[in-house]
*Asks:* 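The structure follows.
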2 protein chains.
Amino acid sequence: MARPKQTTSPNRRQQILEQAAGLFKTNGFNATTMRQLAEQTGMEAASLYNHISSKEELLREICFSVANDFNAHLLQLEADDSCASRKMEAIIRFHIHMLLTRYNDVYVSNRDWKHLKEPWLTNFLNQRKQYENRLAAIIQHGIDTGKFKAVHPHVAVLTMLSAVRSIEYWQRSKKAISSKQIADDLVMMLLKGLEQ
Amino acid sequence: MARPKQTTSPNRRQQILEQAAGLFKTNGFNATTMRQLAEQTGMEAASLYNHISSKEELLREICFSVANDFNAHLLQLEADDSCASRKMEAIIRFHIHMLLTRYNDVYVSNRDWKHLKEPWLTNFLNQRKQYENRLAAIIQHGIDTGKFKAVHPHVAVLTMLSAVRSIEYWQRSKKAISSKQIADDLVMMLLKGLEQ
DNA sequence: CCTACCGATCGGTAGG
DNA sequence: CCTACCGATCGGTAGG
């Protein structure tokens with residue numbers, strides 16, 4: 001009767017986190033139950049609490065892990081001295097890259113952050129607002145240097161961030177379009193427009 | 001002791017529907033309880049069932065009401081003989097108009113349709129796919145007539161539909177930007193691109 | 001990691 | 001439209 005180990009393994013915790021992201025993505029945070037998560041990870045619901053302290057903690061780790069990656073990338077890009085156009089392109093491509101490589105996490109972070117508890121909810125929203133402001137600054141710089149049209153920078157930021165999320169809808173339909181072509185089309189549309 | 005009427009008033013039903021849309025938008029479908037809805041409409045939870053048959057029915061009416069409006073507009077536009085550019089502009093502007101005039105309904109329909117029950121879930125998804133295909137056909141026509149760049153039409157459709165949803169983020173922050181300028185900026189960015 | 005269990009809350013019904 | 005209530009289910013805990 002070989003019994004599983006009782007030690008709290010970081011591996012096991014990681015597995016739980018990944019399964020949770022998948023369930024949250026498919027069913028939403030509220031509609032996902034700890035019993036579903038337990039079943040997927042092959043243990044009883046009560047046993048999950050040996051690895052985590054609450055359901056919300058799972059959501060929290062997903063959201064802040066994603067936020068950290070975006071912040072780190074932007075910080076690195078800001079140090080760069082390329083022009084506003086190249087910076088915006090790099091940002092668009094990084095968002096697409098994140099969506100493609102960490103689909104569940106990004107999807108959940110985008111939709112379910114509302115269920116974070118305080119003080120994390122406020123912290124998360126502040127980080128997002130900061131991120132948007134820094135993107136707006138890049139666009140403003142592009143306008144000042146004559147690279148971009150004189151649109152309102154915040155409108156441009158939110159349009160880009162929203163447009164990039166269209167990738168979320170591609171992931172599910174496995175059409176025969178390479179992710180590279182999708183990314184190229186997106187960058188072109190956003191920077192050059194749809195019209196010829 | 002004047003007692004409220006017991007007749008099932010269509011007005012009362014409409015009020016419930018509107019309050020429900022507001023709660024669904026703010027808290028999400030699952031996180032909204034019938035007791036919250038009852039409190040907002042000034043009655044007991046049990047009394048709501050004199051006007052509606054289930055919580056999901058409320059969601060259903062919201063989602064299909066929005067879908068009907070979009071379908072009706074597209075049908076009307078397809079009969080028009082304007083060029084692909086003008087059609088796409090009209091579609092973008094109509095989406096913005098819907099977001100501005102029926103914010104709660106559109107927001108909920110966009111995010112919570114997953115909680116529809118069968119057979120309505122399948123019906124809703126089929127309608128949406130149809131809608132996207134018809135938009136893609138317009139874009140394909142624009143490409144064929146040399147109006148549009150040779151992007152993949154479905155990529156363009158999903159990009160537009162996503163980009164237009166950025167309005168969702170504007171509604172909440174009452175910045176001093178007129179909705180007309182936001183709409184103009186959005187149309188320009190999507191058709192002409194951000195770059196000068 | 002499991003068994004046993006709990007308090008809270010949910011959508012909805014019965015009956016008036 | 002209300003009072004009273006129910007079966008189901010939830011996140012989480014106690015104790016081993």
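All chains are named by letter (A, B, ...) in the order of the sequence lines, taking the proteins before the strands, and each is independently numbered beginning at 1. As the structure is a computational prediction, the values presented were derived from the model and not from experiment.
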*Asks:* Restricting to pairs with a member in residues 114-127 of chain B, which pass side chain to side chain donor-acceptor pair (under 3.5 Å), not counting sequence neighbours?
*Replies:* B/Asn30-B/His115, B/Asn71-B/Gln127, B/Glu118-B/Thr122, B/Asn123-B/Gln127

*Asks:* In whole Å, what is the span from the CG atom of A/Leu59 to the C1' atom of D/dG11?
*Replies:* 15 Å

*Asks:* Determine which pairs satisfy salt bridge (Lys or Arg N to Asp or Glu O under 4.0 Å) with at least one residue from residues 155-167 of chain A, sequence neighbours left out, and list them in order.
*Replies:* A/Arg165-A/Glu168

*Asks:* Expected output check: what is the dot-bracket annotation of DNA chain D, where ( ) and [ ] are pairs inside the strand (brackets for crossing ones), | is paired with another strand, and pairs are Watson-Crick or G-U under 3.5 Å?
*Replies:* ||||||||||||||||

*Asks:* Counting side-chain heavy atoms from C-beta on, which of D/dG12, C/dC1, C/dG11 comes nearest to A/Asn50?
*Replies:* C/dC1

*Asks:* Any pair with a residue in residues 74-100 of chain B that passes side chain to side chain donor-acceptor pair (under 3.5 Å), sequence neighbours left out, goes on the list, sorted by first then second residue, please.
*Replies:* A/Glu195-B/Ser85, B/Glu78-B/Arg134, B/Asp80-B/Ser82, B/Arg86-B/Glu89, B/Glu89-B/Arg93, B/Arg93-B/Asp184, B/His95-B/Tyr131

*Asks:* Pairs in or reaching into residues 54-76 of chain B: which pass salt bridge (Lys or Arg N to Asp or Glu O under 4.0 Å), with residues at least two apart or in two chains?
*Replies:* B/Arg13-B/Glu57, B/Arg13-B/Glu61, B/Glu56-B/Arg60, B/Asp69-B/Arg102

*Asks:* Can you list, in residue-number order, the parts of residues 38-49 of chain A that come under 4.0 Å of DNA chain C, counting heavy atoms only?
*Replies:* A/Met43, A/Glu44, A/Ala46, A/Ser47

*Asks:* If the condition is side-chain contact (heavy atoms from CB on, under 4.5 Å), which residues does B/Ala90 pass it with, not counting sequence neighbours?
*Replies:* B/Leu77

*Asks:* Without swapping roles, check the side chain of B/Thr26 against the backbone of B/Leu23 for a donor-acceptor pair under 3.5 Å.
*Replies:* no

*Asks:* Which residues satisfy the ring pair (Phe, Tyr, Trp, His ring centres under 6.0 Å) test with A/Phe94, sequence neighbours excluded?
*Replies:* A/Phe70, A/His73

*Asks:* Given atom CG of A/Leu37 and atom P of D/dC10, what is their separation to the nearest angstrom?
*Replies:* 13 Å

*Asks:* Sorted by first residue and then second, give each salt bridge (Lys or Arg N to Asp or Glu O under 4.0 Å) pair with at least one member in residues 25-54 of chain B; sequence neighbours left out.
*Replies:* none

*Asks:* Please work out which residues in residues 21-35 of chain A have a non-hydrogen atom less than 4.0 Å from an atom of DNA chain C and list them by number.
*Replies:* none

*Asks:* Mind calculating the distance between NE2 (B/His115) and P (C/dC10) to the nearest angstrom?
*Replies:* 16 Å

*Asks:* Measure CD1/B/Ile52 against C1'/D/dC1 and give the value in whole Å, please.
*Replies:* 14 Å

*Asks:* Can you confirm whether A/Val106 sits close enough to A/Thr101 that some side-chain heavy atom of one is under 4.5 Å from a side-chain heavy atom of the other?
*Replies:* no

*Asks:* To the nearest Å, give me how far apart NZ (A/Lys55) and P (D/dT9) are.
*Replies:* 15 Å

*Asks:* Which residue pairs pass the salt bridge (Lys or Arg N to Asp or Glu O under 4.0 Å) test with at least one member in residues 135-149 of chain A, sequence neighbours excluded?
*Replies:* none

*Asks:* Using atom CD1 of A/Ile16 as one end and atom P of D/dG12 as the other, report the distance to the nearest whole Å.
*Replies:* 13 Å

*Asks:* Could you list the residues that satisfy side-chain contact (heavy atoms from CB on, under 4.5 Å) with B/Ala20, not counting sequence neighbours?
*Replies:* B/Phe24, B/Leu37, B/Leu58

